[in-house]
Student: 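Let me begin by handing over the structure; questions about it come next.
Residue numbers start from 1 in every chain, and the chains themselves are labelled A, B, ... in the order their sequence lines are given, proteins ahead of strands.
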2 protein chains.
Amino acid sequence: MNDEKKEIVIIDRGHGSATLNDVAQAAGVSPATVSRCLNAPDVVRPAKRKRVFKAIEELSYVPHGAARALASRRTRMIGAIFPSLDNTLFGGMMEALQGEVAAAGYTLVVASSAYDPAQELKDVRNLISSGIDALTLVGASRELAVYEMIRRKRIPYVLNWISKAEGGHPCAGFDNLEAAARLTRYLLDLGHRRFAMISGHFINNDRAMARFRGVESTLRERGLDLPPERVLERRFGVDEGREAFRLLMSMPEPPSAVICGADPFAYGAIFESLDLGVRIPGDVSVTGFDDMWPASQITPSLTSVQTPRREIGITVAKYLLAKLSGQLIADPRPIETRLVVRDSTGPAKHA
Amino acid sequence: MNDEKKEIVIIDRGHGSATLNDVAQAAGVSPATVSRCLNAPDVVRPAKRKRVFKAIEELSYVPHGAARALASRRTRMIGAIFPSLDNTLFGGMMEALQGEVAAAGYTLVVASSAYDPAQELKDVRNLISSGIDALTLVGASRELAVYEMIRRKRIPYVLNWISKAEGGHPCAGFDNLEAAARLTRYLLDLGHRRFAMISGHFINNDRAMARFRGVESTLRERGLDLPPERVLERRFGVDEGREAFRLLMSMPEPPSAVICGADPFAYGAIFESLDLGVRIPGDVSVTGFDDMWPASQITPSLTSVQTPRREIGITVAKYLLAKLSGQLIADPRPIETRLVVRDSTGPAKHA
DNA sequence: AGTGTAAAAGAAAGCGCTTTCATTTTTGAT
DNA sequence: ATCAAAAATGAAAGCGCTTTCTTTTACACT
């Protein structure tokens, strides 16, 4: 008999929505077959498969994720915890990440730690309890309990926004230290010798720390030093950048180059320079980091390091998806950054 | 006998992690009691409860979300779909939303529709399949199938970023039309009569449309009109703002006030005015919308409408959580916006 | 102590799916 | 046609929890 022609009997259970069993009945097959149509279509004969999908359509059947997860022991959810969700850097990465995992049939679950390690630990716990199959976290510095928990639960994970971490954790990101070092070398080549840095707080932020160390070690290689009073740790923000820049410029021997650990500080410096009557780059060169959109629009336009946010998101997704599909995959390679030279940097004034 | 003293026997199942049953055994109670400790602690006697929590601690027990969801028919997940995740407006709302729902023990699941209704429909389907208990969507214009799906599944939902919608959908947001109207009245009071607008594309974007209509209807009330050639629809972006502004200023009778439907357009206008030698607000007044951070930093600082992103997130969360807990709750009230007057607007030049 | 009532605890039946194992059907070589 | 091997299907046992219903225990009052 021609399977395809069999009639589909619709049962209206009234309340709630159709289950896989309903579909099976309507299509006149066993539940197992319906399940297979969903998970491994090519193992079921075309005629039957067609009938099943017709029934699915007619009943507007939507699989029940929790039941699926419980039976198959995978939720098809991937978790991501960011220090903040209100941030165009992480936003760019999140957008790319979500797109990639969704394309593979996964759902993205997010949480914000608000830059608080204790909160991050709670988030991890919650996400694990929600059942995520894999996880990505920003940077490497956090409660050890986090690493222990994901190890014990055997959850594939990858740290992002950095390219390597102590302890051999897999990472998808770029080398913050090297990027900062390159920037520093560029400024040294322009003849600068008196440096200052405006940085995010180092605590709980290995990215900020790495950028600082990249600057510092490069200077030391050339026999220069970066005294602590010339390293200003601030909350990220334009106003903080203004204040710090003003402070630096009021020093007896102001720096000839101010390296900002993040773009907003540099925007602040540029805005403040107008009030101060300091010329950039005439009197002092200023650099940013991350290359957000105002960098190219502001006057003077800002020399900055372009960070590969989308690439990070895509790399994270590819790595985790590969892991989840059981593939043997090497840890991601470091992603390149680009130094974008614009008008905020120039030769050092002759001393 | 003293319950609290009973010893806790740890069973190591080796593989995988502890289940609720393991906890029950370790604590010497029934699984039902452990479940109650988790879901309604005060219904179990303190001594016993203590023992259970001790066992939970010792076994590092983490509840299995999917099993929980399957049995209780709620996932404790809330879904949110945004046109983009890489956007500080939605980012601010998302951050607040995530914080609120997490505090209530819920997990936030996100998706990006990339401003594409078809993609949004897929997203909704996926999220529903993931099992979200509630959902929030940006604006009101979308595939009707979306509304039908969430109605059929009886999923509590709320539209955000707007304050009302045809069809009686609950909304958490502000009145885009009225905010734009107020801004327009302010400019009219400054003596402006020749207006232009740079707007986001209207298609699939009821917020942009409402802002336009707010401007247009207010002008019409005063007997003025806003001819189509003075309404420029552009993709959101600074460069697009520059180009549009240049175009407007090259008209035979350039406008004396340019209303931008979003801040980035206005930043572009301000940047371009420097190249053009047009003075703001001397020659032309410019306004933004959303009041992003550059508004207060740029020169001239930008008059803009401050949109309550965090409040929207909080309102969405409160409304959905109330719905989920079965409370009778009225639809959210519109949230107020604030017109922030700065230096980019001034009296119209005497004609 | 003894009783009645309310509170606490337990037993057991699923929630909707996947997956193993057994059975049936199909295929292809003879 | 025939048979062995392979492919397709079905039956049924859970996945780890919640929740209803029932039984047990605690408590207040004579």
Student: What integer distance in Å separates Leu70(A):CG from dC15(C):P?
Tutor: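 It works out to 13 Å between those atoms.
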Student: Calculate the interatomic distance between His64(B) atom NE2 and dG16(C) atom C1'; express it in whole Å.
Tutor: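 Atom NE2 in His64(B) sits about 14 Å away from atom C1' in dG16(C).
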Student: Identify, with sequence neighbours excluded, every residue that meets ring pair (Phe, Tyr, Trp, His ring centres under 6.0 Å) alongside Phe90(B).
Tutor: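 Residues passing ring pair (Phe, Tyr, Trp, His ring centres under 6.0 Å) with Phe90(B): Phe82(B), Trp161(B).
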Student: With a 4.5 Å heavy-atom cut-off, do Leu320(B) and Ile78(B) have their side chains touching?
Tutor: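 Yes. Closest side-chain heavy atoms under 4.5 Å.
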Student: Provide a list of protein-nucleic acid N or O atom pairs under 3.5 angstrom, restricted to nucleotides 18-20 of chain C.
Tutor:
from: dT18(C); atom 1: OP1; to: Asn39(A); atom 2: ND2; distance (Å): 2.9
from: dT18(C); atom 1: OP1; to: Arg68(A); atom 2: NE; distance (Å): 3.1
from: dT18(C); atom 1: OP2; to: Ser35(A); atom 2: OG; distance (Å): 2.5

Student: Taking atom C1' of dA8(C) as reference, at what distance in whole Å does atom CZ of Arg51(B) sit?
Tutor: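 It works out to 13 Å between those atoms.
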Student: Of the nucleotides dG10(C), dA8(D), dA9(C), which has the atom closest to the Arg45(A) side chain?
Tutor: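 Among dG10(C), dA8(D), dA9(C), the one nearest the side chain of Arg45(A) is dA8(D).
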Student: So, is Ser30(A) close to the dG10(D) phosphate, meaning a side-chain N or O under 4.0 Å from OP1 or OP2?
Tutor: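 Indeed, a polar side-chain atom of Ser30(A) lies that close.
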Student: Can you find a side chain N or O atom of Lys48(A) that sits less than 4.0 Å from OP1 or OP2 on dT9(D)?
Tutor: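 So the side-chain polar atoms of Lys48(A) do come within 4.0 Å of the phosphate oxygens OP1 or OP2 of dT9(D), strictly under.
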Student: Could you tell me the separation between the NZ atom of Lys50(B) and the C1' atom of dA8(C), rounded to a whole number of Å?
Tutor: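 Those two atoms, NZ and C1', are 19 Å apart.
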Student: Quickly work out the Asp22(B) CG to dC15(D) P distance and round it to whole Å.
Tutor: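 After rounding, the reported distance stands at 11 Å.
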Student: Examine distances only and state if a side-chain atom of Asp116(A) and a backbone atom of Ser113(A) form a donor-acceptor pair shorter than 3.5 Å.
Tutor: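 The answer is no, because no donor-acceptor pair under 3.5 Å joins these two groups.
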Student: State, with a plain yes or no, whether a side-chain heavy atom of Met94(B) is found less than 4.5 Å away from one of Leu108(B).
Tutor: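 They are in side-chain contact.
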Student: Give me each pair satisfying salt bridge (Lys or Arg N to Asp or Glu O under 4.0 Å) with a member in residues 119-128 of chain A, each pair once, sequence neighbours excluded.
Tutor: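 Only Glu120(A)-Arg142(A) qualify under salt bridge (Lys or Arg N to Asp or Glu O under 4.0 Å).
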Student: Expressed as a whole number of angstroms, how long is the span from Ile56(B):CD1 to dC17(D):C1'?
Tutor: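 So the two atoms are 13 Å apart, to the nearest Å.
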Student: Please report, rounded to the nearest Å, how far the C1' atom of dC15(D) is from the CZ atom of Arg76(A).
Tutor: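 The distance from CZ of Arg76(A) to C1' of dC15(D) comes to 16 Å, rounded to the nearest Å.
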Student: Looking just at side-chain N and O atoms, do Arg74(A) and Tyr106(A) make a donor-acceptor pair shorter than 3.5 Å?
Tutor: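 Arg74(A) vs Tyr106(A): donor-acceptor pair found between side chains.
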